[in-house]
There are 2 protein chains.
Amino acid sequence: MAKPLSKAHRTDQPKESAHPPGSEAVDDYLKAIFQLSGRPERQVSSTEIAAHLSITAASVTNMLQKLAGQNPPLVAYEKHHGVKLSKAGKKRALEIVRHHRLIETFLHEILDYPWDEVHQEAERLEHFISERFEERIAAKLGHPEFDPHGHAIPALDGSLPAQEPQALSQLRPGQSAKVSSVSDNDPEMLRYLAAQGIRPGVKLTLSEQLPFQGAYQVRIGSSTKPALLSHSLAEAITVSKPQQ
Amino acid sequence: MAKPLSKAHRTDQPKESAHPPGSEAVDDYLKAIFQLSGRPERQVSSTEIAAHLSITAASVTNMLQKLAGQNPPLVAYEKHHGVKLSKAGKKRALEIVRHHRLIETFLHEILDYPWDEVHQEAERLEHFISERFEERIAAKLGHPEFDPHGHAIPALDGSLPAQEPQALSQLRPGQSAKVSSVSDNDPEMLRYLAAQGIRPGVKLTLSEQLPFQGAYQVRIGSSTKPALLSHSLAEAITVSKPQQ
DNA sequence: TTGAAATATTAGCCATGACTAAATATCGCT
DNA sequence: AGCGATATTTAGTCATGGCTAATATTTCAA
């Protein structure tokens, strides 16, 4: 008994690749490129991607060539000059980001995960949930627009609410703003921010910026004692000025 | 910048396999062997495993040798005479089964999946959820003992409630019994059973077995009109005789 | 403008886990 | 006991997606 053992009887295509090319790794690259290209969109270098994914630049080049060779191509790749996502690549990247942020919200809201733990779990699960699962948790959560860190969840069609949040580090002393989002990939930082009472929606005022970009002193909500934030912390927080 | 890029800085072990040996495929083999060895436990042949996983027997042999060569070994493998799970292999298999059945229950109870769709999704997710996730859904569900199809969920320590369910096909005409479980891997069958009102917990009576193992006529609960079940259907249902 | 440093690509290797084809072992039956 | 059918294993191949080392390109500063 060593027959073909067809698993999804197709009417005998010319070739059938057992390992479909679009898998977990591909998703990770597309998401990385999406997140690194920023807004307005710019080319992303192999080295950046390598650093982001903790792999070597050689591996990245290798993969970028495959992604560019797909039909349709997932990236526009110019040797030595980085990549941009193609239409198809962006679509897929947004699906993954949607998955990620819905899962984070779900873990926090339904399964009571602390907000510093949701990222890691979502990072793994985002590749494996079905459309069905996505639809079910979105419904269960009432089709949320933001995840627990304040990041916008792409809609099914890939659209994102227009937002112009700026980094907290851009504020000038005396200015007030509302916390829009906090970076989600460092659990320790999230615990620290939570302890300071800094989370999306909270209003704060930059009372003073210490010299040499050393630290930012902010007053949170109506509390009395101010918090001190390092520069990298202030870069990891986005704020929007309340109507004005 | 083509440095080591250590991701989990270890104090420089002699060798470091980038692809850890224990992955998705390994889980699938262990689970397959567990499910095929039955009770009382018996050796499982490569061919059986191959058929169960829809791969070739050669691939199975290949993998069994790897599993047997692990430290600790995950299976006891005797060339040409099949395999049995080792202690460690059984432990892992039970973890996966626990994941699978908890996920099925979760999908059904919390996300309102119809019971014929939970298996497929659980089959994928079981490999990727963390211990944390497992613990959270178990808590959310109140530490259930059975999944939606009536299969026992192994406890954290791997223990299973002692049960002696027999196949419905073993009943003799006139006997009554309570449905204990139904096989979960065929969605169409599950839809059929649901339509007949057959699900775990339901009491039924075998009114007649038609000649040549053609079909089983059963009366469900207190309803009037009986259902007809093919032999394979009657094999896919387990029942327990109510106290006696 | 030129050459060293930084960045990126190529070439070649490895493990995983599939596959096919060929060889071999076991079993069932006369 | 022995033969053929069936089951199993071996040997060799392939795609994926990592890696290192060597090479090539781009950039930047003198």
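Sequence lines set the chain letters: A, B, ... in the order given, protein chains first and strands last, and positions in each chain run from 1. Note that these values count all heavy atoms, side chains included, but never hydrogens, waters or copies made by symmetry.
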How are the rings of B:Phe106 and B:Phe133 set relative to one another: parallel (under 30°), tilted (30 to 60°) or perpendicular (over 60°)?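 Because their plane-to-plane angle is over 60°, the rings of B:Phe106 and B:Phe133 count as perpendicular.
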
With heavy atoms under 4.0 Å as the rule, sort A:Ser59 into base, sugar-phosphate or nothing.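 Base contact.
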
Using whole Å, what does the distance between atom [atom2] of nucleotide [N] and atom [atom1] of [X] come to?
X	N	atom1	atom2	answer
B:Gln70	C:dA15	CD	P	14 Å
A:Leu64	C:dT10	CG	P	11 Å
B:Glu24	C:dT16	CD	C1'	12 Å
B:Tyr29	C:dT16	OH	C1'	11 Å
A:Ile55	C:dC14	CD1	P	20 Å
B:Asn62	C:dT16	CG	C1'	9 Å
B:Leu67	D:dT9	CG	P	13 Å
B:Leu53	C:dC19	CG	P	10 Å

Which nucleotide in the list D:dG18, C:dA11, C:dA21 gets nearest to the side chain of A:Ala25?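 Looking only at side-chain atoms, A:Ala25 lies closest to D:dG18.
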
Considering only side-chain heavy atoms of A:Lys66, which listed nucleotide, D:dT10, C:dA25, D:dT16, is closest?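 My answer, after comparing the listed nucleotides, is D:dT16.
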
cation_pi(B:Arg136, A:Tyr113) dist<6.0 Å, angle<=45: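 Not satisfied by the 6.0 Å and 45° rule.
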
Got a donor-acceptor contact below 3.5 angstrom from the B:Lys140 side chain to the A:Ile110 backbone?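 Side chain of B:Lys140 to backbone of A:Ile110: a pair is present.
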
Can you tell me which residue pairs pass the side-chain hydrogen bond (donor to acceptor under 3.5 Å, both in side chains) test with a partner in residues 74-84 of chain A, sequence neighbours excluded?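 Matches after skipping sequence neighbours: none remain.
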
